[in-house]
Amino acid sequence: MQINILTLFPEMFSGVLSSSILGKAQEKGIVQFEVNNFRDFSESKHGTVDDTPYGGGGGMVLKPEPLFRAVEAVAGEKKPRVILMCPQGVPYNQKLAEELSMEEHLVFICGHYEGYDERIREHLVTDEISIGDYVLTGGELAAMVVIDSVVRLQPGALGNQTSAVEDSFSTGLLEYPHYTRPAEFRGWKVPDILLSGHHANIVNWRLKESLRRTYERRPDLLEKLELTTEMKKWLKEIEEEKKMQDKL
Ligand code: ADE
């Protein structure tokens, strides 16, 4: 997978792209990152990339030329997905991460402070993505979030492939609680069932605890799921258990 990033602040990416899973994925040849300053594609001597808005008003607007030239330079003959990071974009989620992870080439456009000339949105960009209902100073951090979540889905990027499949959101449920040694810490015990060695019971316990966590924290996710008869039964138990606890 090829990932190009167009930004006015390329230095923001160096630590993130070279560390941990992303750094290893690049070393293994699973992904290739290229970060470009789109100021280098400005047609003006001074490297101007923005200008005042037509119609007046405050703030600056990113000009179309530098970004069109930058995308055309990195895209070559191919037609990559060209992703504009902005708060007005579609809300990002795991499904979109999975979709983008199938692409061969992604180009991210990160603006800072300013708005974009509308022709960038209409004629250059294929996707507009928001990572949440809040405003960042620029698209860089948002692009890093998307890149991280897409690269970790590439085959071979994670040491343990099952970890991506069992993720929260891939299964549609939040993850069950995890424990490691010691079996008792400051008087707090690991649930007996996890020490029992009974594999089938452990699988069931984990699924039920995933359901409990999702029921308690993200009931909206449950509405989107097709539950098995067994899961429906557990959910009833969870509701009863919650009622009992609320009474205490
Ligand atoms: N740029 C500024 N805020 C953003 C957000 N919430 N998501 C994506 N890009 C952004």
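Both ligands and their constituent atoms are indexed starting at 1 by order of listing.
Counting protein heavy atoms only, atom 9 (N) of ligand 1 is closest to Cys86 N, 3.1 Å. The closest protein non-hydrogen atom to atom 3 (N) of ligand 1 is Leu136 N, 3.0 Å. The shortest contact between atom 6 (N) of ligand 1 and any protein heavy atom is with Tyr134 O, 2.8 Å. At the shortest separation from atom 1 (N) of ligand 1 among protein heavy atoms lies Gly138 O, 3.6 Å.
Looking only at distances, a side-chain donor or acceptor of Arg69 sits under 3.5 Å from a matching main-chain atom of Phe41. Checked by atom type and distance alone, the side chain of Thr126 pairs as donor or acceptor with a backbone atom of Val82 at under 3.5 Å.
The closest approach between Ile129 and ligand 1 falls below 4.0 Å for a heavy atom of the residue.
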| Step by step, would you call Ile5 with Leu17 a side-chain contact (heavy atoms from CB on, under 4.5 Å)? | CA-CA 11 Å; Ile5 298 149; Leu17 299 184; 3.8 Å; yes
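Atoms of ligand 1 lying under 4.0 Å from any heavy atom of Pro87, numbered from 1 in the order shown and given with element: 1 (N), 2 (C), 3 (N), 4 (C), 10 (C). Close approach of ligand 1 to Ser130 (heavy-atom distance below 4.0 Å) involves ligand atoms 6 (N), 7 (N), 8 (C).
Taking each of Asp133, Ile131, Val146, Val135 in turn, the one with a heavy atom nearest to atom 7 (N) of ligand 1 proves to be Ile131.
The existence of a salt bridge linking Glu175 and Arg213 is excluded, since no basic side-chain nitrogen approaches an acidic carboxylate oxygen closer than 4.0 Å. Salt-bridge check for Glu209 with Arg212: passed, with a basic side-chain N closer than 4.0 Å to an acidic carboxylate O. Here Glu241 pairs with Lys208 in a salt bridge; the nearest charged N to carboxylate O distance falls below 4.0 Å. The residues Lys242 and Glu216 are annotated as not salt-bridged, no charged nitrogen and carboxylate oxygen being separated by less than 4.0 angstrom.
For a threshold of 3.5 Å applied to N or O pairs, the pair formed by Ala142 and ligand 1 contains no separation below that value.
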